[in-house]
Amino acid sequence: MTINQNAANQAAVERYRNNFLKEVEANVEEGHMVKMCMQCGVCAGSCPLGNAWEHSPQKIFMMIRAGKRAEVLGSDSMFMCTSCYNCMVRCPRQLPITHIMHGLANYAHRLGLAPKGQPTRDFATLFWNNAIKRGRVNELMLTLRHYFRGGLVSGIKEAMGMQSIGLGLLLAKRLNPMEIFGGHGVKDLKGFHAIIAKAKEIEDRKKGFTA
Amino acid sequence: MAKKEYAFYPGCSSQLKASASNYLVSTNSMCKTLDIKLTEIPDWNCCGASVGYCEGGELPRIAINARNFAQAETHLPGQDIVATCAACWLSARESQERLDGSAQLLKETNEALAAAGLHYNGGANVRHMVEVLIEDFGYDGLKAPMKKSLEGLKIAGYVGCQTNRPFGIDGESFENPMYLDKMVETLGGEALSKYEQKVTCCGGALAFSEPEKSQKQIRDIVESAYDHGAEMIVTPCPLCQANVEVYQSEINKKQGTKFNMPVVYYSQLMTVAYGGSAKDAALDGQLIRAEKLEKIAGK
C-alpha cells in the first residue's frame, strides 16, 4: 500500500465508521443496488468459476451489510469474475452483479487492499495500461509482459511452452512481431490521454481516492 | 449508394495481423455481397474491454467509449455504430445506456471529452453485426445472395457470453439463444441445436491469468461439440474464437485429449456460402484448419 492509498483508506474508515454498506453505496460502481439482494443464491450457482472462489456474490453482499470491510476488500473472489454476465441476467432482483463485482475489485485495488500478486488483478492492470498507452491494444507486448511478469527465467520457460501456439498465430497472420516497436494506436494520442486524465481526476475526487 | 451504411467500430483484435484479423477479412467479404458499407469511426480507440475494470474504473472507461461516440456523431452523423467484437459491443453499449440514463454522468463525461476538444450530444445507437444481419436483413435476406449450400456440414453454434448477455439479440433467450443455429440452417448447414455448451463461458481474459480454470471451461465446450458429432464450431465472438481454438493444443498436451476442432466465425461461413474463396473467408487464418469448409469454398 502506498502512502496515498493509506491516506485514502484511513479517510474512508474515518468517514464511514462501521457503516460499510454506506461506503459501498457511495464509492463502488452500482453499489447502491447491494441492499436489494435477497440472498437466494442463484448467482452462486451460476458462476463458471464457482468452485474457485471463497465468497460468492451472495456472500459478499451479506458481508457488506455485516460490515466485514477488511474481509470483503481483501477477498480475491471478485477477481475470479470472467465477465460472463450469467449471474446478472439470472438475478431475480435484477442486481447488476457483474458491475458490482468489478466495482468492488476496482475499489479494493485503488485502496491497495486487494490481494497482492492476484493473477487477474495483475493481468487486468497490465491490460489497461497496454490499451491506454497508444489507445489500442498491442497484443504482442501484452502477451510478452504477461509471460515475463515473474522475471526472465520463468518468462522464458512460459513463453517456450507457448512457442508452438505463437508460431501458429504468426503463420496464420494473427500475430505481428513488428508490434514490439510500438504497433498501432490512435492519432490524437495527446487528446486521448487528456480525456482519461480528466475522467480519472473527476472520479478520484468523487470516490475519495485523492485527499 | 450502398444498401445500408454504418459507422464501423472494428476493435483492436480485428486489425491487420491481430488475433482476429480473419474476422475482419471475412466480414468485409460478407458485407460486400450484402452491399453493406462500413466506414471506420475516424481515429477510434480501445473500448477498455471487460477486464479494464480493475485499473480503469468507471468514468475513464465510459469516457473513452464516449470519445468514439463523439467521433461518430461528428463525422458519420445519423449512422448506427456497428461492432463485430463482442467485448467492443458490450463496453460501448453499456456506456451508451449509462450515458442515456444519467444527465450527471453525461455532464462529467463531456467534461472529460472537452480536454480533447470533443463533445458528445447523446443518442448513439450501438449494435452488434449479428443484430444488423438479423434485424436489418433477416434470415431470408441473408439467404438471397447464396451461391453454395453448406449442406452436410455439422456445426455447433457456440454463442458464448458477451453477444448473449446481458444484452443479447432481441427476442432470444439468455439460456438457449437460437440465432446462430438459425443462421447455420439458413446457409444450408446442419445446426446441432442440442449442443449444450452454447452459452458456456470460455474464461474470457482469465485464459491468460487463470489458464487452468479457463482450460477446464474450454475442454467442456470442445468435448460437447465432439459428443454431438460436430465438424466445426461457429462463434460470433473473437475472444471465444481465439480461446477455444488456440488452447486445444495445450489441453491435448496436458490432458492427453486429441482435440482438433476447427472454430470459425459466422462471417466465414457466410462468405463461403456467398461464393467467396477460402482467401476471401480468411480460412488461411485458422490455427486448426476448417478443411471441410475449405473444400466447399474450392468447389
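In what follows, chains are A, B, ... by sequence order, proteins preceding strands, each numbered from 1.
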[X] portion near chain B, given a 4.5 angstrom heavy-atom threshold:
X: A:His102; result: both
X: A:His99; result: side chain
X: A:Glu139; result: side chain
X: A:Lys207; result: side chain
X: A:Phe79; result: both
X: A:Met78; result: backbone

Residue [X] excluded, over 12 heavy atoms near [atom1] under 6.0 Å:
X: B:Glu291; atom1: CD; result: no
X: A:Arg145; atom1: CZ; result: no
X: B:Lys254; atom1: NZ; result: yes
X: B:Lys253; atom1: NZ; result: yes
X: A:Gln94; atom1: CD; result: no
X: B:Glu212; atom1: CD; result: no
X: B:Gln255; atom1: CD; result: yes

If every non-hydrogen atom of [X] is compared with every non-hydrogen atom of [Y], which pair is closest and at what distance?
X: A:Thr82; Y: B:Cys201; value: OG1-SG, 3.1 Å
X: A:Phe123; Y: B:Ala205; value: CE2-O, 3.9 Å
X: B:Gly52; Y: A:Trp128; value: O-CE3, 3.8 Å

Heavy-atom pairs under 4.5 Å with chain B - which of [options] has more of them than the others?
options: A:Ile196, A:Leu169, A:Leu171; result: A:Leu169
options: A:Cys84, A:Gly135, A:Ala52, A:Ser83; result: A:Cys84
options: A:Gly191, A:Pro119, A:Ala194; result: A:Pro119
options: A:Ile195, A:Asn86, A:Val186; result: A:Ile195

Walk me through whether B:Ser249 and A:Ile165 qualify under side chain to side chain contact (heavy atoms under 4.5 Å, CB included). CA-CA 8 Å; B:Ser249 61; A:Ile165 290 179; 3.7 Å; yes
Distance, nearest 0.5 Å, that separates [atom1] of [X] from [atom2] of [Y]:
X: A:Leu170; Y: B:Leu287; atom1: CG; atom2: CG; answer: 10.5 Å
X: A:Ile202; Y: B:Lys107; atom1: CD1; atom2: NZ; answer: 8.0 Å
X: A:Lys173; Y: B:Asn22; atom1: NZ; atom2: CG; answer: 10.0 Å
X: A:Trp53; Y: B:Lys213; atom1: CH2; atom2: NZ; answer: 12.5 Å
X: A:Leu126; Y: B:Ser209; atom1: CG; atom2: OG; answer: 10.5 Å

Under 4.0 Å between a Lys/Arg side-chain N and an Asp/Glu carboxylate O for A:Lys200 and B:Glu55?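 Looking at B:Glu55 together with A:Lys200, the answer is no, because their closest N to O distance does not fall below 4.0 Å.
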Lys/Arg N to Asp/Glu carboxylate O, B:Glu108 vs A:Lys198, below 4.0 Å: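 Salt bridge: no.
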Would you mind checking which part of [X] comes under 4.5 Å of any heavy atom in chain A, side chain (CB onward), backbone (N, CA, C, O), both or neither?
X: B:Thr200; result: neither
X: B:Ala242; result: both
X: B:Arg98; result: side chain
X: B:Leu118; result: side chain
X: B:Glu58; result: both
X: B:Gln71; result: neither
X: B:Glu111; result: both

Okay, side chain of [X], backbone of [Y]: is any donor-acceptor separation there less than 3.5 Å?
X: B:Asp43; Y: A:Lys187; answer: yes
X: A:Arg174; Y: B:Gly285; answer: yes
X: A:Arg136; Y: B:Trp44; answer: yes
X: A:Asn106; Y: B:Cys54; answer: yes
X: B:Arg165; Y: A:Met88; answer: no
X: A:His184; Y: B:Gln15; answer: no

Verdict with supporting geometry, A:Glu203 and B:Arg61, salt bridge (Lys or Arg N to Asp or Glu O under 4.0 Å): CA-CA 11 Å; A:Glu203 180 151 298; B:Arg61 270 188 300 140; over 6 Å; no
Are A:Glu179 and B:Lys17 close enough that some pair of their side-chain heavy atoms sits under 4.5 Å apart?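 Sidechains of B:Lys17 and A:Glu179: no contact.
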Quick one: do B:Leu206 and A:Leu49 satisfy side chain to side chain contact (heavy atoms under 4.5 Å, CB included)? Show the steps, please. CA-CA 10 Å; B:Leu206 275 69; A:Leu49 262 62; 3.7 Å; yes
Determine whether B:Glu175 and A:Arg90 satisfy the following criterion, side chain to side chain contact (heavy atoms under 4.5 Å, CB included), listing intermediate values before the conclusion. CA-CA 9 Å; B:Glu175 306 289 342; A:Arg90 286 181 177 172; 2.7 Å; yes
Between [options], which shows the greatest number of heavy-atom pairs under 4.5 Å with chain A?
options: B:Gly117, B:Cys46, B:Pro42; result: B:Cys46
options: B:Gly57, B:Gly204, B:Gly11; result: B:Gly57
options: B:Ala18, B:Ser21, B:Ala115, B:Ser50; result: B:Ala18
options: B:Cys161, B:Ala63, B:Pro166; result: B:Pro166

Begin with the C-alpha distance, continue with both residues' side-chain angles, and end with the deciding distance and a verdict on side chain to side chain contact (heavy atoms under 4.5 Å, CB included) for A:Thr143 and B:Phe208. CA-CA 8 Å; A:Thr143 310; B:Phe208 270 104; 4.0 Å; yes
